[in-house]
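Lettering follows sequence order; numbering is per chain, from 1. The figures that follow rest on heavy atoms only: side chains count, while hydrogens, waters and symmetry mates do not.
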Amino acid sequence: MNLKLKPAVSDGETFFDLAQAPLRELNAALHKLAADTNETHWKVFNPAGRHAVAAGLDAPVTVEIDGPVGYYCAGMNKQARVIINGNAGVGVAENMMSGFVHVKGDASQSAGATAHGGLLVVDGNASARCGISMKGIDIVVKGSVGHMSAFMAQAGTLTVLGDAGEALGDSLYEAKLFVRGSVAGLGADCIEKEMREEHKALLAAKLEAAGILGEVDISEFRRYGSARTLYHFHVDNVSSY
Amino acid sequence: MTDHSNTPRTTPRASSTFDAYTLSEIRRAAATGIYDIRGGGAKRKVPHFDDLLFLGASMSRYPLEGYREKCSTEVVLGTRFAKKPIELKIPITIAGMSFGSLSANAKEALGRGASAMGTSTTTGDGGMTNEERGHSTQLVYQYLPSRYGMNPDDLKRADAIEVVVGQGAKPGGGGMLLGQKITERVAKMRTLPVGIDQRSACRHPDWTGPDDLEIKIEELREITDWEKPIYVKVGAARPYYDTALAVKSGADVVVVDGMQGGTAATQEIFIEHVGIPTLAAVRQAVKALQDLGMHRKVQLIVSGGIRNGADVAKALALGADAVAIGTAALVALGDNDPRWEADYEALGTTAGAYDDWHEGRDPAGITTQDPALMTRLDPIAAGRRLANYLAVLTLECQTIARACGKSHVHNLEPEDLVALTIEAAAMANVPLAGTSWIPGSTGSF
């Protein structure tokens, strides 16, 4: 296989070497893929921390990135499966609409920020502001998340198998948070809520989607959500603003 | 006991410091315990374009014939990196205003009016509606901290993208849309429960500072295959550095919004006391572009208090490539029209002063989501009024440009201007009228 051909095709897989060709060519090629493309499996080599790798995809394809990526990998993703065999920089899968993004290492700040849909799985830890302003995405972090995670989170689920940092769920709207480990502190208007059967079923569905149902004990998780006391601006709540 | 009944009395004297408005605000604050929120921009008197004059032609300059010789007005935005720059027929654009803060009819009217004149409109916090896309031949899609309604499909069907760092009415501030305006449609677009008071973040969730912004802009360009012009909008605060950093971050266009620029809803104290006037910002922004060798390569849009063709001409003469209007556009649609005076009085205000836009009870049907009030605004007629108004602004600007001997409005220059006040002379970096003195710069009084 000649990787200098950009992209190179072998055994139904399309290869793209970012050491040989610019990112702009990769993203442009991925953007041109039609819904019925035969080029359904791409492998990207030597990302070397480049930003916006596989951003703006809108086709039912798999893109496997072999190495660490910089900011905004798989940003605004629709439909595509993006697998990162490495760590991801700030804002991985930011504003994702649908599809699946899997970080096999750690993720930096603002993972899954503002995303409307799809599933983001982080095998390692995610840093601060994981799921900030999330609008419907499901995020599963197998490690821990940093401070201010799910800040102003509007919809979707954040599941953390490890611990959560300070100010979890600050100014939360309707997103649902499940944490198995310790929570360093809850943000304004975020409270622990009863884990009823429907919440256990919801959590089980998210764990199943992440491929780890049965690997963890659902009874070990605690649920957090909005107290909804800040939904209407009122002088009596001024100390919370 | 001494009889004082015949002693002359001084007339009652109101305090300049504690004037009637101030006293009323103290009483309001004491009664409610909460600050005053309103729409619009700074209402206080600040140095403005009125403090500048054009010199016109004279012995050493010759004018162009008013109705015969061409004075062009087209402007191209986004020539630095974008594959598809925006070409406008006039140097006046419509500033970002959201569906949610404005009714769907108002957004449609803005699109109709702007499109008729060959210029662009801009979305706002809350996403893009099909109505405004459909009625705007050129639509700028705002990329805001809240990311309400942000999605790649709308990003790709926009003609340009405006990354909003701040706005003139509230540099450093977020937003609040009260529950009265969060109807089912507005709530759905923003992924929020119906009827709650919705907050808009003041900072972007996934970048901080110019180094990050550069990477964010790269992402937006990658997602849109480097086609769309990318604007960066800042509230006028530190215009020299903010403009320089926007250029450094990779902007095609910088938008600088002065403190007279409006907001849908912000604290009165924020609007009046944070940020600087438009006049004070233009030359600083232009100087940053000039120092970087990017003037006219990165285009500059100036907004905040633009009302007539003279304001447009003055902004261009100071070095802007185009202006944006918001408040004036709403007035052209019918905002604060005296025909609704009885309704304004019922709200405790008067036509011309109504600014409780956030309450959603706008008698003119513009800053509301109330179905009955919305129908008061006919989008076709209102769009025609806006087109007329834009035509007048353009004609007025051309009139001045011809008088200064310019065959294109972009040929206006600071040399065409003088200032009426020392403050304006210093801010605009043009001589005080009748002197060669530019305070802090050259010449003498």
Side-chain angles (χ1 to χ4, degrees), chain A residues 23-24 26-28 31-32 50-58 70-73 75-78 89-92 94-97 108-117 129 131-136 148 151-152 154-156 171 173-175 226 228 230-236 238 241, chain B residues 29 31-35 37 127 143-156 174 176-180 182 187-208 211-227 265 358:
Chain A
L23 175 71
R24 210 179 297 189
L26 170 67
N27 283 335
H31 294 167
K32 283 178 186 161
R50 282 182 177 78
H51 307 305
V53 177
L57 304 195
D58 187 7
Y71 284 38
Y72 311 132
C73 180
M76 298 209 186
N77 184 56
K78 283 180 78 179
V90 171
V92 63
E94 68 87 17
N95 215 85
M96 176 158 63
M97 305 302 291
S108 184
Q109 295 189 54
S110 304
T114 78
H116 293 250
R129 301 178 186 84
I132 183 172
S133 293
M134 52 193 275
K135 297 167 175 26
M148 297 293 280
F151 175 62
M152 290 181 89
Q154 296 171 225
S171 305
Y173 291 102
E174 291 297 306
S226 176
R228 304 189 179 99
L230 300 183
Y231 275 15
H232 291 93
F233 189 75
H234 195 277
V235 63
D236 294 341
V238 76
Y241 295 121
Chain B
T32 65
I34 193 75
Y35 40 55
I37 292 178
Y143 191 75
L144 291 129
S146 75
R147 311 279 166 85
Y148 290 133
M150 170 53 56
N151 69 79
D153 297 332
D154 288 340
L155 202 68
K156 289 169 186 170
M176 167 82 80
L177 197 61
L178 295 187
Q180 297 93 309
I182 307 290
K188 189 176 178 190
M189 284 182 67
R190 300 180 187 218
T191 324
L192 288 169
V194 174
I196 71 162
D197 295 341
Q198 168 257 292
R199 289 159 289 160
S200 293
C202 65
R203 283 200 312 272
H204 282 263
D206 56 356
W207 64 268
T208 310
D211 294 334
D212 281 4
L213 176 56
E214 185 172 358
I215 302 169
K216 173 54 71 176
I217 287 176
E218 180 187 353
E219 182 205 12
L220 295 172
R221 290 198 192 281
E222 285 292 329
I223 289 172
T224 56
D225 293 319
W226 292 73
E227 289 182 350
H358 55 291

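Distance check: A:Gln154 CD to B:Arg147 CZ gives 12.0 Å after rounding to the nearest 0.5 Å. How far CZ of A:Arg129 is from OG1 of B:Thr208: 6.5 Å, rounded to the nearest 0.5 Å. To the nearest 0.5 angstrom, B:Glu219 atom CD is 8.5 Å from A:Asn95 atom CG. Note that the NZ atom of A:Lys135 and the CZ atom of B:Arg190 stand 10.5 Å from one another [nearest 0.5 Å]. We find the OH-CG distance between A:Tyr71 and B:Asp206 to be 10.0 Å, quoted to the nearest 0.5 Å. Distance check: B:Ile196 CD1 to A:Tyr173 OH gives 5.0 Å after rounding to the nearest 0.5 Å.
Looking only at atom types and distance, the side chain of A:His116 has no donor-acceptor partner in the side chain of B:Asn151 under 3.5 Å away.
Looking at B:Trp226, the atoms closer than 4.5 Å to chain A (heavy atoms on both sides) all sit in the side chain, from C-beta outward. For a residue to count as touching a neighbouring chain, one of its non-hydrogen atoms must lie under 4.5 Å from one of that chain's; by this rule A:Ala113 touches chain B with the side chain only. Proximity to chain B (any heavy atom under 4.5 Å) is shown, for A:Leu23, by both the backbone and the side chain. Contact annotation for A:Asp58: only side-chain heavy atoms (C-beta onward) come within less than 4.5 Å of a heavy atom of chain B. For a residue to count as touching a neighbouring chain, one of its non-hydrogen atoms must lie under 4.5 Å from one of that chain's; by this rule B:Lys216 touches chain A with backbone and side chain alike. The contact between A:Ala155 and chain B is made entirely by side chain atoms (from C-beta outward), counting heavy-atom distances below 4.5 Å.
Listed options A:Glu174, A:Arg228, A:Met97 were ranked by heavy-atom pairs under 4.5 angstrom with chain B; first place goes to A:Met97. When each of B:Asp225, B:Asp153, B:Asp197 is scored by its heavy-atom pairs under 4.5 Å with chain A, the top score falls to B:Asp197. Interface remark: of the candidates B:Thr224, B:Leu155, B:Thr191, B:Thr191 forms the most heavy-atom pairs closer than 4.5 Å to chain A.
With sequence neighbours left out, B:Asp211 forms a salt bridge (Lys or Arg N to Asp or Glu O under 4.0 Å) with B:Lys248.
With hydrogens and angles ignored, the 3.5 Å screen pairs no side-chain donor or acceptor of B:Glu222 with any backbone N or O of A:Ala52. At least one donor-acceptor pair closer than 3.5 Å links the side chain of A:Ser110 to the backbone N or O of B:Pro205.
Residue A:Gly56 comes nearest to B:Lys156 through the heavy atom pair O-NZ, 3.3 Å, listed as atom of the first residue, atom of the second, then distance.
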